[in-house]
Amino acid sequence: MWERFSNRDNRGPGPAPACDEHMLTIGELAFDAPAVMGILNVTPDSFSDGGRFVGRDAALRQAETMARDGAAVIDIGGESTRPGAADVSAQEELDRVLPVIEAVTAAVDVAVSVDTSKPAVMHAAVAAGAAMINDIRALREEGALQAAAELQCPVCLMHMQGRPRTMQQEPAYGDVVAEVTEFLANRVSACVSAGIAVDRIIVDPGFGFGKTPRHNIELLANLRQLQSVGRPILVGLSRKSTLGELTGRDVGERLPASIAAAVIAVMGGASFVRVHDVRETVDALRVAAAVMQMDGD
Ligand code: 9MG
């Protein structure tokens, strides 16, 4: 696994060729830093690309494109997490994601992450070839901590206030940055107590999950404070409604705003960005990485 991702030729946003000081190692996976995680929603109702990649062949073609464009990881999810989304059964999630995970891991040279909170889906997805778990509920569902500890693969723990169905009703914080940081630090401790190796953990402030646009901007402006948790940071702002609020653009017209957010996140300390538009983001992050490298020289 390490060789597969440490020998990535011209892929990834870091200055090419990648050199070791820019490698980010999460458990047994190694990435050029900053790394791009491509979003592959296999749900009929996701907020941005609902239904586009539901069939296995369409999903596989999109995964091939994202890998070619420089995605280090492809995050495959079968549960829509947009505000107000209905719950999905484990069986439905499995039916959506497993054929796609199997097809992508067999045919595409990229790490696959499964976007799920359900222990049964975690187990089946890893058995099918997924190398990472992305959990918007930060392993708080019953049995999820234990499942991740058994599987010993990298996990992304995301902050969310409330639940997807109601989270945008009245999000409230005293100090959003401090509260998100404290939550993530506590979840890292819970994971370590459950037997998950600390070097396999990534943290994510959860933009848009129980947060107003102002909360999201405050978090983005102060992202570096999350580094006190001591783990790599993943940021997902791609096409989200805060960018729509700021620009007045519909979801399909938020590419420039999404790229700006990804660059700001990486320059603010993020190691990963989770995006829909891989090629454009990789180009933008190459520029950011070159500038950041110069800063460190
Ligand atoms: C599944 N999903 C939707 N948005 C996300 C975000 O911002 N971060 C992570 N880790 N997952 C997300």
Side-chain angles (χ1 to χ4, degrees), residues 26 34-43 45-50 53 71-85 87-88 93 96-97 100 111-118 121-122 125 130 132-141 144 148 153-165 167-168 171 176 180 183-184 187-188 191 200-211 213 215-217 219-220 223 226 229 231-244 251 254 257-258 261-262 264-266 268 270-277 281:
I26 309 288
V36 171
M37 171 187 263
I39 300 170
L40 187 51
N41 285 319
V42 289
T43 56
D45 59 345
S46 86
F47 82 99
S48 157
D49 44 17
F53 308 118
V73 190
I74 293 180
D75 190 36
I76 299 178
E79 178 202 21
S80 171
T81 50
R82 69 182 160 74
D87 291 341
V88 177
E93 238 185 277
R96 289 175 183 175
V97 299
V100 177
V112 165
S113 155
V114 62
D115 158 18
T116 190
S117 301
K118 298 186 178 76
V121 179
M122 293 173 189
M132 177 172 163
I133 296 165
N134 173 33
D135 185 2
I136 61 159
R137 296 176 180 83
L139 303 179
R140 286 179 293 161
E141 293 293 288
C153 57
V155 291
C156 178
L157 307 172
M158 198 197 78
H159 175 271
M160 168 166 51
Q161 186 180 86
R163 304 186 73 78
R165 193 185 281 274
M167 65 190 178
Q168 289 308 103
V176 66
V180 168
F183 170 89
L184 292 172
R187 291 313 295 160
V188 170
C191 286
R200 294 181 194 271
I201 300 173
I202 300 166
V203 296
D204 180 339
F207 288 97
F209 285 83
K211 293 163 189 95
H215 293 141
N216 291 322
I217 294 161
L219 276 166
L220 186 58
L223 198 63
L226 268 63
V229 176
R231 299 306 309 145
I233 298 167
L234 185 149
V235 162
L237 268 161
S238 182
R239 301 185 188 171
K240 284 192 178 169
S241 63
T242 291
L243 305 180
V251 69
R254 295 179 190 159
S258 300
I264 293 165
V266 161
S271 298
F272 293 89
V273 287
R274 182 178 181 277
V275 304
H276 299 88
D277 303 288
T281 310

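Numbering of ligands and ligand atoms starts at 1, following listing order.
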Report task. Output the distance between atom OG (Ser271) and atom CG (Leu234), rounded to the nearest 0.5 Å. Result -> 9.0 Å
Report task. Answer yes or no: is there an ion pair linking Asp135 with Arg140, defined by an N-O contact shorter than 4.0 Å? Result -> no
Query - Residues in side-chain contact (heavy atoms from CB on, under 4.5 Å) contact with Ala130, at least two apart in sequence or another chain - result: Ile101, Val112, Val114, Ala125
Query raised in the report: Which atom names give the shortest non-hydrogen contact between Arg137 and Ser117, and what distance separates them?
Result: NH1-OG, 2.7 Å
Query - Partners meeting salt bridge (Lys or Arg N to Asp or Glu O under 4.0 Å) with Lys118 (sequence neighbours left out) - result: Glu93
Query raised in the report: In order of chain and number, which residues sit within 4.0 Å of ligand 1 by heavy atom?
Result: Thr81, Asp115, Asn134, Ile136, Cys156, Met158, Asp204, Phe209, Leu234, Gly236, Lys240, Arg274
Query - Contacts of type ring pair (Phe, Tyr, Trp, His ring centres under 6.0 Å), residue Phe207, not counting sequence neighbours - result: none
